[in-house]
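Within every chain, numbering begins at 1; the chains are lettered A, B, ... in the order of the sequence lines, protein sequences first and strands thereafter.
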Number of protein chains: 2
Amino acid sequence: MTQLSKYEAMIVKSGSKLTKQRKQILKVIVDHSDEHFSAETLYDLVRHIDSSIGIATVYRTLELFEKLKIIRNVKIKNDGVNYYDVIDLDEQNHFHHHLICTTCNRIIEIADELESYEAFIKEKYGFNVTDHDLTLYGTCASCQ
Amino acid sequence: MTQLSKYEAMIVKSGSKLTKQRKQILKVIVDHSDEHFSAETLYDLVRHIDSSIGIATVYRTLELFEKLKIIRNVKIKNDGVNYYDVIDLDEQNHFHHHLICTTCNRIIEIADELESYEAFIKEKYGFNVTDHDLTLYGTCASCQ
DNA sequence: GTGTGTGCAAACCTTTTGCAACCGG
DNA sequence: CCGGTTGCAAAAGGTTTGCACACAC
């Protein structure tokens with residue numbers, strides 16, 4: 001069973017229909033699983049496959065995929081655009097972090113955990129962390 | 001010298017004019033220094049003082065204050081609105097984190113550092129962290 | 001067949017911009 | 001005074017929505 005068909009199974013399982021458009025969008029997302037994408041980006045990519053698709057469908061599909069936890073919204077920019085990335089199937093949790101180089105604007109994804117920090121927060125504030133969003137800004141190795 | 005006049009000094013020092021509108025907006029921000037605010041929120045608050053102010057002025061002022069590091073943009077929601085909070089004058093660095101309770105939606109600000117984690121990132125990726133943005137989601141003490 | 005999903009266009013909402021008038025230094 | 005700043009209104013840009021038609025199950 002491929003990565004793609006597992007996501008398709010998630011759509012079917014949720015009771016949603018596996019339409020041509022959803023398949024096309026899903027394929028483009030999986031083929032670009034190492035990138036961050038916006039509705040506009042996806043729309044452009046999918047239009048190469050099927051020029052009749054509408055931007056509204058892309059927005060509605062992103063909303064569905066986010067609800068199904070196929071993709072997640074990542075808060076990496078404040079330019080008024082929503083960006084997403086795929087949630088890996090064998091990702092044990094929803095944690096992933098970004099290193100953004102303020103010199104070359106490169107975005108590096110890392111998976112290192114914050115377990116000890118979260119234990120500390122639990123201890124100090126009685127707050128039980130279930131998810132998080134971490135972006136580190138600075139200069140990457142090649143820009144230093 | 002009050003907190004307010006220190007911020008006013010920062011405006012003058014930057015070469016910008018200390019207009020009536022900027023003073024009014026600054027006062028409202030300082031009076032609500034424990035909250036996160038949007039342009040709309042500020043606009044509503046300032047209109048109570050001076051009903052002739054324009055929303056465009058609020059946006060332009062937020063842009064100026066952000067550049068002067070009087071306020072910072074916080075990525076706490078994806079509702080298409082930009083939120084800000086005041087940067088405390090005696091804040092040693094620009095680090096501050098949010099705990100967002102997914103049950104009651106309360107936002108708790110904390111100041112605990114991530115120094116050891118950043119040292120680890122430097123070691124492993126050669127990435128030099130100068131700033132960061134961390135939001136932890138979960139359940140607060142009273143919601144558990 | 002039935003109801004969910006789609007494409008289109010209009011509407012919406014936040015933010016930005018052009019411009020003439022205004023006012024702070 | 002002079003140039004930065006403002007208020008207004010229009011525009012821009014991203015996202016949402018109403019509706020008739022299409023299609024997955």
Taking all non-hydrogen atoms of both residues, which atom of [X] and which atom of [Y] are closest, and how far apart?
X	Y	answer
A/I87	A/Y7	O-OH, 2.8 Å
A/I71	A/F37	CG2-CZ, 3.9 Å
A/Y137	B/H132	CD1-CA, 3.9 Å

What's the [atom1]-[atom2] distance between [X] and [N], to the nearest Å?
X	N	atom1	atom2	result
B/K67	D/dT5	NZ	C1'	13 Å
A/L64	D/dT15	CG	C1'	17 Å
B/Q24	D/dT6	CD	P	10 Å
B/N82	D/dG14	CG	P	14 Å
B/K77	D/dT15	NZ	C1'	18 Å

Any heavy-atom pair between the side chains of B/T135 and A/K75 that's under 4.5 Å? no
Side chain to side chain donor-acceptor pair (under 3.5 Å) against [X], all qualifying residues, sequence neighbours excluded:
X	answer
B/Y117	A/H97
B/T41	B/S38
A/S5	A/T2
A/K122	B/Q144

Reading nucleotides 18-25 of chain D 5' to 3', which nucleotides get B (base under 4.0 Å from a protein heavy atom), which S (sugar-phosphate only), which -? B-----BS
Tell me, please, which residues at least two apart from A/H32 pass ring-ring contact (aromatic ring centres under 6.0 Å, His included). none
Do the side-chain N or O atoms of A/Y59 get closer than 4.0 angstrom to the phosphate oxygens (OP1, OP2) of D/dT15? yes
For the NZ atom on B/K27, are there more than 12 heavy atoms of other groups (residues, nucleotides or ligands in this structure) within a distance under 6.0 Å? no
Sequence neighbours left out, what pairs pass ring pair (Phe, Tyr, Trp, His ring centres under 6.0 Å) with at least one residue falling in residues 49-83 of chain B?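 Qualifying pairs, neighbours excluded: none.
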Degree of bending, the helix from C/dG1-D/dC25 to C/dG25-D/dC1 (end axes from five pairs; round to 10°):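 Between the first-five-pair axis and the last-five-pair axis there is 40°.
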Scan residues 41-53 of chain B against DNA chain D and write down, sorted by residue number, each residue with any heavy atom closer than 4.0 Å; if none is found, say none.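 Going residue by residue through residues 41-53 of chain B, the ones with a heavy atom under 4.0 Å of DNA chain D turn out to be B/S52, B/I53.
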Which residues share a salt bridge (Lys or Arg N to Asp or Glu O under 4.0 Å) with B/K23, sequence neighbours left out: none
At a heavy-atom distance below 4.0 Å, which nucleotide of DNA chain C is the first touched by chain B, and which is the last? C/dT14 to C/dG25
Sequence neighbours left out, cut at 3.5 Å: what donor-acceptor pairs do the side chains of residues 48-58 of chain B make with other protein atoms?
residue : atom : partner : partner atom : Å
B/D50   : OD1  : B/S52   : N            : 3.0
B/D50   : OD1  : B/S52   : OG           : 2.7

